[in-house]
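Report on the structure given below.
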Amino acid sequence: MSDAVPIVIYTRTECHLCDEAEATVREVADETDVPVDIDLVNVDTDDELREQYGERVPYVYVDDRPAFKFRVDADRLREKLTAARE
């Protein structure tokens, strides 16, 4: 997936907003036919990440840039994925 858009989602265990964020990213990627490479990072498994992000998850990076916190806006994500492919 070398041309896939990298997406990192910082999550926590049993986080419904994190699940929603991942689902939205996958749905928008499918709709736009833009390949994505999703990396789910559980902040609970790393003391530094837990301290850095705490309860501020999900935190989503698109193409190595901070993009969303708490909720992923499907329309804005669509724009970001399209722009990343250009």
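Sequential numbering from 1 along the given sequence is applied to the chain's residues.
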Next on the checklist: Determine whether a donor-acceptor pair (N or O, by modelled atom type, separation under 3.5 Å) exists between the side chain of D63 and the backbone of A84.
Outcome noted: no

Next on the checklist: For the backbone of D73 and the side chain of R78, can you confirm whether one donor and one acceptor N or O come within less than 3.5 Å of each other?
Outcome noted: no

Can you confirm whether [X] sits close enough to [Y] that some side-chain heavy atom of one is under 4.5 Å from a side-chain heavy atom of the other?
{"X": "P6", "Y": "D39", "value": "no"}
{"X": "V62", "Y": "V25", "value": "no"}
{"X": "Q52", "Y": "Y59", "value": "no"}

Checklist entry - Where do T11 and C18 come nearest, in terms of heavy atoms and distance? => result CA-SG, 3.6 Å

Next on the checklist: Looking at every heavy atom in both V72 and A21, which two are closest together, and how far apart are they?
Outcome noted: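 Closest pair (atom of V72, atom of A21, distance): CG2-CB, 3.7 Å.
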
Checklist entry - Aromatic rings Y53 and Y10: how do their planes relate, parallel, tilted or perpendicular, breaks at 30° and 60°? => result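 Plane angle under 30°, so parallel.
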
Next on the checklist: Test side chain to side chain contact (heavy atoms under 4.5 Å, CB included) on I38 and R26; report intermediate values, then the result.
Outcome noted: CA-CA 9 Å; I38 299 174; R26 291 187 188 283; 3.7 Å; yes

Are [Y] and [X] co-members of a hydrophobic cluster defined by side-chain heavy atoms under 4.5 Å apart?
{"X": "V43", "Y": "I9", "result": "no"}
{"X": "V28", "Y": "F70", "result": "no"}
{"X": "I7", "Y": "V34", "result": "yes"}

Next on the checklist: Can you tell me how far apart CG (D37) and CG (D3) are? Round to the nearest 0.5 Å.
Outcome noted: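 With rounding to 0.5 Å, CG (D37) is 10.5 Å from CG (D3).
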
Checklist entry - Distance from R12 atom CZ to R50 atom CZ, nearest 0.5 Å? => result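 Spacing of CZ (R12) from CZ (R50) equals 7.0 Å.
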
Checklist entry - Should L77 and T32 be marked as a side chain to side chain contact (heavy atoms under 4.5 Å, CB included) after you check the CA-CA gap, both sets of side-chain angles, and the distance that decides it? => result CA-CA 10 Å; L77 178 59; T32 58; over 6 Å; no

Next on the checklist: Pair V57, L17 - check side chain to side chain contact (heavy atoms under 4.5 Å, CB included), show working.
Outcome noted: CA-CA 8 Å; V57 294; L17 288 178; over 6 Å; no

